[in-house]
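Here the structure is laid out as structure tokens; the discussion comes afterwards.
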2 protein chains.
Amino acid sequence: MAELPVDPLEEVVMGAAELLRARGDRMTAPRRAVLTVLARRQSHLAPEQVVAAVAGLDTGIHRASVYRALETLNDLGVVQHVHLGHGTTAYHLAAEHRHLHAACGRCGAVVDLPGDLLDQVAARLESEAGFVLDPAHVALSGTCSACRG
Amino acid sequence: MAELPVDPLEEVVMGAAELLRARGDRMTAPRRAVLTVLARRQSHLAPEQVVAAVAGLDTGIHRASVYRALETLNDLGVVQHVHLGHGTTAYHLAAEHRHLHAACGRCGAVVDLPGDLLDQVAARLESEAGFVLDPAHVALSGTCSACRG
DNA sequence: GTGTTTGCAAATGTTTTGCAGTGTC
DNA sequence: GACACTGCAAAACATTTGCAAACAC
């Protein structure tokens, strides 16, 4: 098939490169590899999972560089992280990020939820406590339908 | 003042002891110390904070025993833990636990919220996704009023 | 060429585990 | 007196850091 339309990964990488250069930073192999991994797997990945996937892509990239790349790309806004409870953190591309998350405490499954689920709660929190909610930054916790016997 | 009414800590310890014995387990010095610490400070404490507070109470109690006590008492239902995001977990007595939490990503402050804040969301989650929410198990994330310059 | 970023290795910090001795019931 | 639980020390684990070499711009 002829591929005139832009490769989505290519687009992400080029966008990130531009943002990086605008800050005087650079697009490098580790950063490209992290973006590649996150673009391929649509799901949320723990840092160690990213490390493993990157290793399968380019043996030369060090663990520490993956951590540093995740942090840089997160600061840049290209990547976002979610706290899943139980101490684990997961990363994904910010572009995919128009939904909220719930994590099952029993099986660990992550359920995607409509992005507006907490809108009313956020409004109430802001007016009553002056607290500005970032609803996508933590996953709600509970038990998924499959795990309720 | 004469203290005929029961000491609240005493009550917690005795209740826990009973639950422990009912399982064939025992009330021990580390477990009593952890309950004492959590009963005194009303707030949510990270494991290492509990370790530190316990050390100030009884030098002989080992770090590992505090971790084990927290887990046991959590299984028992006497103590509960909340995930505050950013990898940190906090413990408190289950009895104090009729409220939800929000953590400020900037300063780390934990704000207590009304216990019914997520009731509508929980209902919607259950009917639409079959997901049973445990609203107190994770803290909502955002920015507190003091940190919004 | 300049200055950021990397790979490495070691440090860090928290939590877990195996085991022999201790103490609760 | 049994057996759960402890203290200890070491292991496991994830993440961070200092530094000289490498490479993006």
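Residue numbers begin at 1 in each chain, while the letters A, B, ... track the order of the sequences.
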Next item on the list: Please state whether the phosphate of D/dA24, meaning OP1 or OP2, lies under 4.0 angstrom from any side-chain nitrogen or oxygen of A/Thr28.
Entry: no
Check: Nearest-Å distance, CZ (B/Arg26) to P (D/dG1)?
Finding: 15 Å
Item checked: Rounded distance in Å - CG (A/Leu20) to P (D/dC25) -> 9 Å
Next item on the list: Please check if the side chain of A/Thr72 supplies one atom and the backbone of A/Arg68 the other of a donor-acceptor pair under 3.5 Å.
Entry: yes
Note to self: Need one value for A/Ala64: base, sugar-phosphate or nothing, where a base atom within 4.0 Å counts as base even if backbone is also close, heavy atoms only.
What the structure shows: base
Next item on the list: Quickly work out the A/Asp25 CG to D/dA24 C1' distance and round it to whole Å.
Entry: 11 Å
Item checked: Salt bridge flag under 4.0 Å for residues B/Arg148 and A/Glu126 -> yes
Next item on the list: Report yes if at least one side-chain N or O of A/Arg63 is closer than 4.0 Å to OP1 or OP2 of C/dG7; otherwise report no.
Entry: no
Side-chain atoms of residues 27-42 of chain A: list all donor-acceptor pairs with protein atoms under 3.5 Å, sequence neighbours left out, distances to 0.1 Å.
residue : atom : partner : partner atom : Å
A/Arg31 : NH1  : A/Arg26 : O            : 2.6
A/Thr36 : OG1  : A/Arg32 : O            : 2.7

Checklist line | Distance, rounded to the nearest Å, where A/Tyr67 contributes OH and C/dT12 contributes P | finding: 18 Å
Check: How are the rings of A/His81 and A/Tyr91 set to each other: parallel, tilted or perpendicular (split at 30° and 60°)?
Finding: tilted
Check: What's the CG-P distance between B/Leu76 and D/dC5, to the nearest Å?
Finding: 11 Å
Check: Does a side-chain N or O from B/Arg31 land closer than 4.0 Å to OP1 or OP2 of D/dC5, or not?
Finding: yes
Note to self: I want to confirm an ordering. Mapping A/Gly24 and B/His62 to their closest nucleotides on DNA chain C, which one lands closer to the 5' end?
What the structure shows: A/Gly24
Checklist line | Ring centers of B/His44, B/His101 separated by less than 6.0 Å | finding: yes
Checklist line | Whole-Å gap separating P (D/dA22) and CD1 (A/Ile61) | finding: 17 Å
Checklist line | Toward the 5' end of DNA chain D, by each residue's nearest nucleotide, A/Glu48 or A/Arg68 | finding: A/Glu48
Checklist line | Nucleotide D/dT6, atom P - distance to CG of B/Leu73 in whole Å | finding: 10 Å
Item checked: Sugar-phosphate only, base, or nothing, as touched by A/Gly60 at under 4.0 Å among non-hydrogen atoms -> sugar-phosphate
Checklist line | Whole-Å distance separating the CZ atom of A/Arg32 from the C1' atom of C/dT5 | finding: 13 Å
